Engineer: 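Below you will find the structure I want to go over with you.
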Amino acid sequence: MSERKAKDTVDFSVEGGVAWVKFNRPEKRNAQSPSLNRRMLEVLDELEFRDDVGVLVLSGEGAAWTAGMDLKEYFRESAANGLAGVRKSQREAYTWWRRLRWYQKPTIAMVNGWCFGGAYGPLFACDLAFCADDAQFGLSEINWGILPGGGATKVVTSLMGFRDAMYHAMLGENLSGPQAAAAGLVNESVPAASLKKRVDEVCERLLKKNPVALKATKDSVRRVVEMTYENAEDYLIRAQEAADSFDPEGRTEGMKQFLDDKSYKPGLGAYDLSKQKPKKRA
Ligand code: COA
């Protein structure tokens with residue numbers, strides 16, 4: 001196949017409040033090349049503050065979610081340009097992963113297939129992750145002679161227990177979808193035929209939640225992991241107060257619909273956002 005244009009390395013569409021973003025180099029198992037990394041940042045930028053986007057789902061075209069970093073274009077060709085080339089390529093990748101970790105909207109990794117090495121950066125960057133039972137997860141770096149860099153070692157020590165992380169990193173053996181779910185790499189593994197449906201359901205539920213509260217919540221989960229209890233307690237007070245200032249109506253409406261209107265129960269579902277004074281998704 002002729003060389004894919006840089007613009008086409010990422011595909012996206014917006015439907016019903018959900019941005020469906022796809023790694024789109026199926027002929028290279030969606031390996032992350034410098035041009036894909038640059039294009040992904042542009043796409044994330046374009047979608048982040050759109051009012052018609054409430055959730056972003058990241059999946060892959062073809063058999064792979066992403067087979068990690070592109071060994072030819074990301075590693076070998078960058079190295080040919082010396083340290084400057086290596087650092088440039090690293091920054092391009094790490095920048096979009098970081099953008100995704102702190103994205104304004106909730107994010108879901110929909111892992112449809114191969115998920116190796118450098119895939120763990122975006123996997124961890126997504127708030128939630130669902131995979132197909134026949135997806136394969138692996139830190140393959142050890143198999144070609146390097147350590148799992150680009151944050152991948154940090155990802156497995158964050159998501160898995162110590163012994164599991166050590167085994168996963170040292171042995172370079174793959175986990176199936178159900179094994180990845182049991183290890184904590186993803187929330188759930190489902191048969192491939194049900195993956196889109198399950199992710200649709202989760203999107204639908206997220207779209208009904210207060211978007212300011214969602215952003216405050218997802219950031220809080222990531223932040224408090226590295227804090228002492230005292231610092232976390234303080235951070236959460238400040239984060240809620242900041243959210244209140246962005247969305248003064250939200251909690252008032254949530255309490256009113258429960259306490260006065262008796263139209264819903266917070267223990268059983270979300271309040272009706274449509275009754276809240278219209279506000280741009282923030
Ligand atoms: N970097 C660069 N090219 C890659 C790639 C990667 N990470 N993963 C796949 N490709 C390319 C192959 O070189 C091949 O290119 P070609 O058609 O020009 O020869 C093409 O994608 C198809 O790959 P192939 O190995 O034939 O597909 P497969 O379905 O038999 O196997 C994998 C799929 C994912 C198991 C296998 O491609 C693989 O092991 N990839 C490397 C995974 C890895 O170590 N990633 C970590 C990087 S940090």
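Quick note: numbers below take in every heavy atom, side chains included, and nothing from hydrogens, waters or symmetry partners. One-based numbering, in listed order, for ligands and for the atoms of each. Keep in mind the model is a prediction, meaning the values are calculated, not measured.
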Engineer: Counting non-hydrogen protein atoms only, what is the nearest one to atom 1 (N) of ligand 1? Give residue, atom name and distance.
Structural biologist: Leu71 N, 2.8 Å

Engineer: Among protein heavy atoms, which sits nearest to atom 5 (C) of ligand 1, and what does the distance come to when rounded to 0.1 Å?
Structural biologist: Ala31 CB, 3.9 Å

Engineer: If we only count N/O pairs under 3.5 Å, is Gly118 in contact with ligand 1?
Structural biologist: no

Engineer: Do Lys218 and Trp102 meet the cation-pi criteria used here (NZ or CZ under 6.0 Å from the six-membered ring centre, within 45° of the axis)?
Structural biologist: no

Engineer: At what distance is the nearest protein heavy atom to atom 18 (O) of ligand 1, and which residue and atom is it?
Structural biologist: Lys28 NZ, 2.5 Å

Engineer: Considering all protein heavy atoms, does one lie under 4.0 Å from atom 25 (O) of ligand 1?
Structural biologist: no

Engineer: Distance to 0.1 Å, residue and atom name: give those for the protein heavy atom nearest to atom 14 (C) of ligand 1.
Structural biologist: Glu27 O, 4.5 Å

Engineer: Kindly confirm or rule out an N or O of Met69 lying under 3.5 angstrom from an N or O of ligand 1.
Structural biologist: yes

Engineer: Students should be able to answer this: which protein heavy-atom is nearest to atom 39 (O) of ligand 1, and at what distance?
Structural biologist: Phe116 CE1, 4.9 Å

Engineer: Output every pair passing ring-ring contact (aromatic ring centres under 6.0 Å, His included) with a member in residues 125-164, not counting sequence neighbours, ordered by first then second residue.
Structural biologist: Phe75-Trp144

Engineer: Any N/O of Ser140 closer than 3.5 Å to an N/O of ligand 1?
Structural biologist: yes

Engineer: Evaluate Arg29 for polar contact with ligand 1, using N/O atom pairs at a separation under 3.5 Å.
Structural biologist: yes

Engineer: For a quick test of reading the model, state the closest non-hydrogen atom pair linking Gly184 to Leu159 and the distance between them.
Structural biologist: O-CB, 3.7 Å

Engineer: Nearest protein heavy atom to atom 42 (C) of ligand 1, by residue and atom, and its distance?
Structural biologist: Ala67 O, 3.7 Å

Engineer: For Glu42 and Trp96, which I'm curious about, is there any donor-acceptor pair between the side chains at under 3.5 Å?
Structural biologist: no

Engineer: When you measure from atom 33 (C) of ligand 1 to every protein heavy atom, which one gives the shortest distance, and what is it?
Structural biologist: Trp114 NE1, 3.6 Å

Engineer: Are the side chain of Thr66 and the backbone of Asn30 linked by a donor-acceptor contact shorter than 3.5 Å?
Structural biologist: yes

Engineer: Please check if the side chain of Tyr271 supplies one atom and the backbone of Phe258 the other of a donor-acceptor pair under 3.5 Å.
Structural biologist: no

Engineer: Is it possible for you to check whether Arg222 lies under 6.0 Å from the centre of the six-membered ring of Phe124, through NZ or CZ, and within 45° of that ring's axis?
Structural biologist: yes

Engineer: Has Asn112 got a side-chain atom pairing as donor or acceptor with Ala64's backbone, closer than 3.5 angstrom?
Structural biologist: yes

Engineer: Within 4.0 Å of atom 45 (N) of ligand 1 (strictly less), any protein heavy atom?
Structural biologist: yes

Engineer: Considering non-hydrogen atoms only, spot the tightest contact between Asn210 and Gly250 and give its length.
Structural biologist: ND2-CA, 3.7 Å

Engineer: Hey, does Phe75 come in under 3.5 Å of ligand 1, counting only N/O atoms on both sides?
Structural biologist: no

